[in-house]
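Data first, discussion second: the structure below is written as structure tokens.
As a basis for the values below, the full set of heavy atoms in this structure was taken, side chains included, without hydrogen atoms, waters or symmetry mates. If you're wondering where the values come from, they're calculated on a predicted model, not measured in any experiment.
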Amino acid sequence: MNLNDLQSISDGFANTQRMPVLFLGHGSPMNAIEENQFVQGFRNAATEIPRPNAILCISAHWYTEGTYVTAMDVPKTIHDFYGFPKPLFDVQYPAPGSPELAKETTELLLPSFVEEDHSWGLDHGAWSVIKHMYPQADIPVIQLSIDYTKPAQYHYDLAKKLNKLREKGILIIGSGNIVHNLRLIDWTNINTVGAGWDWAIEAREKINNWLLDGHFQNIIDYQKQGTFLQYAVPTPDHYLPLLYTLGLKDRSEGLTLFNDELIGGSLSMTSVRIG
């Protein structure tokens, strides 16, 4: 990255039009190299919002003890999966990082302690969706990890501290899946759009209604909502990125859903736009 590039990133932190916020259901890593309706949905989302100065991504796949933010100039592309074809492992997403944005993020999140990280990079929860939105890889990207020792309410509240970044042209993306139970996948319908077990259908409908009606506390208190959500969220890693997105919503902002489908019985691709 040359001096002009660094200057343009720094300039991007000046106040701008308020950026929307996204939660993206990223699904299988194969979405990174396949053409389907969900990939097109990611592309469409990018065309409907202002071009960001930088991106901050909260991915289900950086699940840590404590909170970290990537602070390197050039984050590596992490292929954090196995058993997939070689073309998927060949994908590189050489977007620059932004130590400046990482530093500002740590300051905004005080008094919560966030440590700068120089070894992680971009995992597939980030690059597999961002590469469709911004294929030129010319927008700086940083990641914020998810502290697995903290409860759901903590993550929702922590996100609120990031609101200032939206005024500086920073696109904040949560990447996971609202319904995500790999143990109960219906492999005969793994690519069948609309295929869902009864509990997955109920979870999708209930959470969609809560999203659209603004009943976010029900979403935060997902462990109290019944068996259908226990099946839908057997572990919180893919669910918590949604709470970061919801924590950034102002009362006056609209919320819309896209890519709103179940696949493989136990996965939802439902994605959310705020603003």
Side-chain angles (χ1 to χ4, degrees), residues 19-26 56-69 105 108-114 125 143-166 171-182 199-260 262 266-275:
M19 286 295 293
V21 186
L22 299 174
F23 171 80
L24 301 178
H26 66 242
L56 186 158
C57 183
I58 301 98
S59 164
H61 294 279
W62 200 18
Y63 203 46
T64 58
E65 184 176 1
T67 306
Y68 298 84
V69 62
T105 299
L108 285 174
L109 293 178
L110 289 171
S112 296
F113 176 69
V114 179
Q143 282 195 226
L144 181 70
S145 77
I146 300 171
D147 183 351
Y148 62 71
T149 71
K150 302 297 187 183
Q153 186 71 54
Y154 172 88
H155 297 287
Y156 178 81
D157 293 339
L158 187 68
K160 294 180 181 299
K161 299 180 181 181
L162 297 171
N163 237 319
K164 184 178 177 182
L165 296 180
R166 298 181 62 190
L171 174 61
I172 300 174
I173 297 175
S175 177
N177 292 98
I178 299 175
V179 177
H180 184 267
N181 192 325
L182 296 184
W199 56 263
I201 293 170
E202 183 178 7
R204 172 183 165 272
E205 290 179 350
K206 286 283 180 64
I207 293 175
N208 282 3
N209 286 337
W210 292 334
L211 286 168
L212 295 171
D213 293 341
H215 295 160
F216 294 169
Q217 197 60 49
N218 289 344
I219 297 172
I220 296 167
D221 296 333
Y222 69 95
Q223 292 175 313
K224 303 176 182 178
Q225 303 303 331
T227 302
F228 69 96
L229 262 182
Q230 294 174 18
Y231 280 117
V233 189
T235 59
D237 47 342
H238 278 71
Y239 187 83
L240 292 176
L242 173 66
L243 301 189
Y244 280 84
T245 299
L246 299 184
L248 288 158
K249 184 181 183 299
D250 288 343
R251 288 178 179 266
S252 61
E253 290 184 298
L255 182 152
T256 57
L257 306 178
F258 62 100
N259 282 358
D260 183 26
L262 291 166
S266 62
L267 298 172
S268 70
M269 294 297 292
T270 305
S271 299
V272 179
R273 173 182 165 178
I274 290 171

- Message: So does Ile219 get a backbone contact from the side chain of Tyr239, meaning a donor-acceptor N/O pair under 3.5 Å?
- Response: yes
- Item | Evaluation steps, side chain to side chain contact (heavy atoms under 4.5 Å, CB included), between Leu108 and Thr105 | CA-CA 5 Å; Leu108 285 174; Thr105 299; 5.6 Å; no
- Is there a side chain to side chain donor-acceptor pair (under 3.5 Å) between Gln230 and Gln225 once you walk through the steps? CA-CA 8 Å; Gln230 294 174 18; Gln225 303 303 331; over 6 Å; no
- Leu262 CG to Arg204 CZ distance, which is reported to the nearest 0.5 Å: 5.5 Å
- Quick one: are the ring centres of Tyr231 and Trp199 less than 6.0 Å apart? yes
Which atom pairs, donor and acceptor, lie under 3.5 Å between side-chain atoms of residues 267-275 and protein residues at least two apart or in another chain?
unit_1, atom_1, unit_2, atom_2, d
Ser268, OG, Val179, N, 3.0
Thr270, OG1, Asp260, OD1, 2.6
Ser271, OG, Gly25, N, 3.0
Ser271, OG, Met269, O, 3.1
Arg273, NE, Gly275, O, 2.7
Arg273, NH1, Glu48, O, 3.3
Arg273, NH2, Gly275, O, 3.2

- Message: Tell me whether the rings of Phe216 and Tyr156 are parallel (<30°), tilted (30 to 60°) or perpendicular (>60°).
- Response: perpendicular
- Task: Taking all heavy atoms of Cys57 and all of Gly125, pick out the closest pair and write down the distance.
- Result: SG-O, 4.5 Å
- Shortest non-hydrogen pair, Ala203 vs Leu229, comes out as CB-CD2, 4.4 Å
- Pro20 and Leu171 have their tightest heavy-atom pair at O-CD1, 3.6 Å
- Would you check, one step at a time, whether the test side chain to side chain contact (heavy atoms under 4.5 Å, CB included) holds for Asn208 with Leu257? CA-CA 8 Å; Asn208 282 3; Leu257 306 178; 3.6 Å; yes
- Task: Kindly compute the distance separating CG (Leu158) from CG (Leu240), expressed to the nearest 0.5 Å.
- Result: 11.5 Å
- Task: I would like to know whether Leu255 and Lys249 meet side chain to side chain contact (heavy atoms under 4.5 Å, CB included); could you show each step before the answer?
- Result: CA-CA 8 Å; Leu255 182 152; Lys249 184 181 183 299; 4.0 Å; yes
- Message: Checking the side chain of Ser175 only, and the main-chain atoms of Ser59 only, is there a donor and an acceptor separated by less than 3.5 Å?
- Response: no
- Query: Do the side chains of Pro236 and Tyr222 get nearer than 4.5 Å, heavy atoms only?
  - Reply: yes
- Message: Taking salt bridge (Lys or Arg N to Asp or Glu O under 4.0 Å) as the cut-off, I'd like each qualifying pair that reaches into residues 210-239, sequence neighbours left out, listed once.
- Response: none
- Going by the salt bridge (Lys or Arg N to Asp or Glu O under 4.0 Å) test, which pairs reach into residues 152-166, not counting sequence neighbours? Arg166-Glu253
- Task: Might you confirm whether atom CD of Gln217 has over 12 heavy atoms from other residues, nucleotides or ligands at distances under 6.0 Å?
- Result: yes
- Message: Please determine whether side chain to side chain contact (heavy atoms under 4.5 Å, CB included) holds for the pair Ile58 and Ile173, giving the CA-CA distance in whole Å, both sets of side-chain angles, and the decisive distance to 0.1 Å.
- Response: CA-CA 6 Å; Ile58 301 98; Ile173 297 175; over 6 Å; no
- Message: Any non-hydrogen side-chain atom of Leu22 less than 4.5 Å from a side-chain atom of Ile172?
- Response: no
- Message: Rounded at 0.5 Å granularity, tell me how far CG in Leu182 sits from OG1 in Thr235.
- Response: 8.0 Å
- Distance from Thr67 atom OG1 to Leu144 atom CG, nearest 0.5 Å? 6.5 Å
- Ring-face cation of Lys206 near Phe228 (centre distance under 6.0 Å, axis angle within 45°): yes
- Item | Reported CZ-to-CG distance for the pair Phe23 and Asn177, which is rounded to 0.5 angstrom | 6.0 Å
- dist Glu65:CD -> Ser145:OG (nearest 0.5 Å) comes out at 11.0 Å
- Message: For His155 and Tyr244, take the angle between the two ring planes, folded into 0 to 90°, and tell me which bin it lands in: parallel under 30, tilted 30 to 60, perpendicular over 60.
- Response: tilted
- Message: Taking the side chain as everything from C-beta on, heavy atoms only, tell me whether Leu211 gets closer than 4.5 Å to Leu246.
- Response: yes
